[in-house]
Amino acid sequence: MTLTVVLGPRTRLAAALLPRLAPADPVLLVARDERDVAPLEELAAGLAGGRIEIVLPSRLRERAAALVAGHDLRVVVAAMGPAHPTDPGVVPDLEADAAAVRRDLALLDDLLAVGAPAHVVLVSTILALAPAADRRYYGGWKSVVEQSVRNRVEARAEQGAGLTVLYPGRIRADRGRPWQRVHVSYDRLARVVAAATPGKGAEQTVGADSRIWLIFRSISFALRSLKVHRAAEAPPR
């Protein structure tokens, strides 16, 4: 049996994931503050009663320690770091984003400190591996988050901690239109998260478009490198 703790539960991914978890297993949804509690209670209301609890950060370690006895521990990081920008004209708030990441990493620290062997499933983005010029801030934060999570998990490796990192491309509510079939749906991504096991597929892309993006960015980088190399070799005029 597995205790699943979801960081970033007010996401469409978390909503798709909850019905896919084993009905008898306990689940903790971590609220950021009191304002999150009512929406999360509504999210959990239609699912198996009694197995899903909403917990505030101040009680996370205590409650996780009480529930994990006799269970494996899975921590699903459905969201950490800045949200994908919807308006490219908005100037990012570096201080606010850094504070939010530190807050979320503190939650992970509390869970790892429980002492149970933890399997952390971090849902990142393909932009963390190969961001476009207009997505470097967002993709860069995702890389910072991944390395910060990785450092924490590796520090607990002797206690059985392990990490799976997923790199989806564009995520859609559905894939009804022909050109959207290369994107991953929330349901498909939730199935991948639920099926993730320690030591298997520790890093994997999810969705055809994520693999296409990597190929495109690799070719683009190679062409730019070739251009720079030729410019460096060109004799001065």
Side-chain angles (χ1 to χ4, degrees), residues 1-9 11-30 43-44 47-48 51-53 55 60-61 63-81 104-105 107-126 128-129 142-143 145-169 171 183-211 214:
M1 299 179 73
T2 301
L3 166 64
T4 299
V5 182
V6 182
L7 303 182
T11 57
R12 283 186 284 182
L13 172 58
L17 174 65
L18 292 180
R20 295 196 165 276
L21 301 177
D25 287 355
V27 178
L28 280 178
L29 306 181
V30 185
L43 173 66
L47 301 173
R51 74 180 180 102
I52 300 177
E53 295 184 30
V55 62
L60 175 59
R61 185 187 300 194
R63 194 64 191 131
L67 290 175
V68 80
H71 294 80
D72 296 325
L73 174 60
R74 171 172 53 197
V75 181
V76 176
V77 184
M80 186 179 289
D104 292 345
L105 288 171
L107 299 176
L108 179 60
D109 289 337
D110 281 344
L111 291 168
L112 294 175
V114 168
H119 177 211
V120 180
V121 183
L122 172 63
V123 181
S124 182
T125 169
I126 197 63
L129 300 180
K142 292 300 184 183
S143 294
V145 164
E146 179 184 331
Q147 190 59 49
S148 299
V149 171
R150 190 177 297 279
N151 290 345
R152 284 161 166 77
V153 172
E154 289 178 353
R156 300 275 182 175
E158 291 186 358
Q159 298 177 7
L163 176 65
T164 296
V165 184
L166 304 177
Y167 302 102
I171 311 173
H183 305 316
V184 65
S185 67
Y186 283 99
D187 183 65
R188 163 64 178 153
L189 182 56
R191 280 187 278 132
V192 174
V193 171
T197 55
K200 182 178 180 180
E203 298 179 359
Q204 58 178 299
T205 58
V206 186
D209 66 328
S210 62
R211 293 183 285 275
L214 276 183

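Numbering of residues begins at 1 and proceeds along the displayed sequence. For the numbers below, each heavy atom of this structure counts, side chains included, while hydrogens, waters and symmetry mates do not. These numbers were taken from a predicted model, which means no experiment stands behind them.
Taken from CZ in Arg51 to CG in Leu18, the straight-line distance is 7.0 Å, to the nearest 0.5 Å. Atom CG of Asp25 and atom CD1 of Ile52 lie 11.0 Å apart (nearest 0.5 Å). Rounding to the nearest 0.5 angstrom, the gap separating the OH atom in Tyr167 from the CD1 atom in Ile126 is 8.0 Å. Rounding to the nearest 0.5 angstrom, the gap separating the CD1 atom in Ile171 from the CZ atom in Arg12 is 8.5 Å. How far CG of Leu73 is from CD of Gln159: 11.5 Å, rounded to the nearest 0.5 Å. Here CE of Met1 is found 11.0 Å from CG of Leu67. Values are rounded to the nearest 0.5 Å.
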Exercise for the section: Start with the C-alpha gap between Gln204 and Leu166, add the side-chain angles, then the distance that decides, and say whether side chain to side chain contact (heavy atoms under 4.5 Å, CB included) holds. Expected result: CA-CA 5 Å; Gln204 58 178 299; Leu166 304 177; 3.3 Å; yes
Practice task
Decide yes or no on side chain to side chain contact (heavy atoms under 4.5 Å, CB included) for Leu60 and Val5, but give the supporting numbers first.
Solution key: CA-CA 10 Å; Leu60 175 59; Val5 182; 4.2 Å; yes
Exercise for the section: Show your working on side chain to side chain contact (heavy atoms under 4.5 Å, CB included) between Leu107 and Met80 and close with a plain yes or no. Expected result: CA-CA 11 Å; Leu107 299 176; Met80 186 179 289; over 6 Å; no
Handout entry: side chain to side chain contact (heavy atoms under 4.5 Å, CB included) between Asp104 and Leu7, worked out
Key = CA-CA 8 Å; Asp104 292 345; Leu7 303 182; 5.9 Å; no
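Sorted by first and then second residue, the salt bridge (Lys or Arg N to Asp or Glu O under 4.0 Å) pairs with a member in residues 149-168 read Asp109-Arg152, Glu146-Arg150, Arg150-Glu203; sequence neighbours excluded.
In summary, the side chains of His119 and Thr197 do not present any donor paired with an acceptor at a separation below 3.5 Å, with no hydrogens or angles considered.
The shortest side-chain heavy-atom distance between Thr11 and Val123 does not fall under the 4.5 Å cut-off.
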